[in-house]
> 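Right, I'll just put the structure down here and ask away after.
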Amino acid sequence: MSTESACFSGTPQKIALLTDSCADLSAEQRAGKPIFVVPLKIRCQDGEFSDGVDMFASDVYARLAAGELPHTSLPDGGSVKETLDRIAALGYEKVIALHLSSGLSGTYNMVRIQAEGREDMQVAAFDSVSGSLGMGMMLLQLWEDIRAGMSWEELVEHRVPSLIANTHPFFSVDTLEYLLKGGRIGKMTAMAGTMLNIKPIVGFAGDGQLTSVAKVRGRKAIQGKLLDMLQAQEGRGRRYNLAVANGGAPEEMAQLAEKVKALFPHYEHFWSGELDATLSVYIGSGVLGAAIQYLD
């Protein structure tokens, strides 16, 4: 199913999903699903680009390596309206909008304000308090719930808040250089981390900000620490999904995927993906991510 020609066989309630490019869902992962994406913007020396449309993580890595530091910005309001208009024109009657943490971006608030003014559809907007594979997992599981016939009321009142609270993504940061250049950390922190070969592991705090949850010395210790972080979430539910992601480190992600599956063999779904251009501006390449999502 193309999102440009709606098919309601999987969603007789005519529910669509709206997100932004920081959900890190590939075209293949969105195929056959009513998942609509609004791209964030990347401003470069030679113009403004749309994340996931004409600017990708690999493009950002090349620019960073050449000494350029791109900047990120919100989607333009017109693209949000146009996307909602297109969803309505395709015949959808309800929309669940799930967006990058408001602790990192104003995208959620922009969409929420536009959603409140719609009279042609019910639109429930949510702050994911997350990003990247965390958001992507929530959306893919929501589609599974919609296909299984979960009611609109159950979805918006219980399921979405539960997924937000019980999805736990963690990422490694290979270099602190771009966080420093982007003003996200102080110079002394960056210098100390570089001198000691410190690799931070980051997650999302309760307010949606990125926060350091662990540190390891040297790249070889990253995968083990990510596994430790997932294990620390054990006991929060019996049914779970897993995901891994990478930014310029696909071979290491493949290794990590096998380790995660071996440690948590009873998963319902396992997803993998690549980081978006927006997040790559701040953390560079060489990134590994892993997440667990409890369903009950």
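Residues take their numbers from the sequence shown, with the count starting at 1.
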> Tell me yes or no: between the side chains of T278 and D51, is some donor less than 3.5 Å from an acceptor?
yes
> Quick one: closest heavy-atom pair of P34 and Y92, and the distance?
CB-OH, 3.3 Å
> Could you tell me whether the side chain of H168 reaches within less than 4.5 Å of the side chain of L230, counting heavy atoms only?
no
> How many angstroms lie between OG in S285 and CG in L64, if you round to the nearest 0.5 Å?
8.0 Å
> Test side-chain contact (heavy atoms from CB on, under 4.5 Å) on V156 and F126 and set out the steps.
CA-CA 9 Å; V156 301; F126 293 90; 4.1 Å; yes
> Using a strict 4.0 Å threshold on nitrogen-to-oxygen distance, state whether R86 and E82 make a salt bridge.
no
> Looking at side-chain heavy atoms only, is the closest gap between R63 and D46 below 4.5 Å?
yes
> Is any side-chain heavy atom of E48 closer than 4.5 Å to a side-chain heavy atom of I42?
no
> Within this structure, what is the CD-CG distance for the pair Q223 and L256, rounded to the nearest 0.5 Å?
5.0 Å
> Indicate whether the side chain of S50 and that of K41 have a donor and an acceptor atom separated by less than 3.5 Å.
yes
> Looking at CD of E258 and CE of M253, how far apart are the two atoms once the value is rounded to the nearest 0.5 Å?
10.5 Å
> Do the non-hydrogen side-chain atoms of H99 and L18 ever get within less than 4.5 Å of each other?
yes
> Could you check whether atom CD of E274 has more than 12 heavy atoms from other residues, nucleotides or ligands sitting under 6.0 Å from it?
no
> When you look at W152 and I96, which way does the side-chain contact (heavy atoms from CB on, under 4.5 Å) test go after all the steps?
CA-CA 9 Å; W152 170 257; I96 295 174; 3.6 Å; yes
> For residues Y240 and F270: do they belong to one hydrophobic cluster (side chain heavy atoms under 4.5 Å, members Ile, Leu, Val, Met, Phe, Trp, Tyr)?
yes
> To the nearest 0.5 Å, what is the distance between CG (D85) and CZ (R118)?
4.5 Å
> Within a strict 4.5 Å, meaning less than it, do heavy atoms of the I222 and R219 side chains meet?
yes
> Between F171 and V173, is a side-chain contact (heavy atoms from CB on, under 4.5 Å) present by the stated rule, with each step listed?
CA-CA 7 Å; F171 306 88; V173 178; 5.6 Å; no
> Should Y108 and L155 be regarded as members of a common hydrophobic cluster, given that ILVMFWY residues are connected when their side-chain heavy atoms come within less than 4.5 Å of each other, either directly or indirectly?
no
> Can you measure from CG (N241) to OH (Y294) and round to the nearest 0.5 angstrom?
11.0 Å
> A side-chain contact here means heavy atoms from C-beta on lying under 4.5 Å apart; do Q29 and W143 qualify?
no
> Determine, stepwise, if the pair L25 / V37 fulfils side-chain contact (heavy atoms from CB on, under 4.5 Å).
CA-CA 9 Å; L25 293 176; V37 179; 5.8 Å; no
> So, taking the atom named NZ in K199 and the one named CZ in R217, what distance separates them when rounded to the nearest 0.5 Å?
12.0 Å
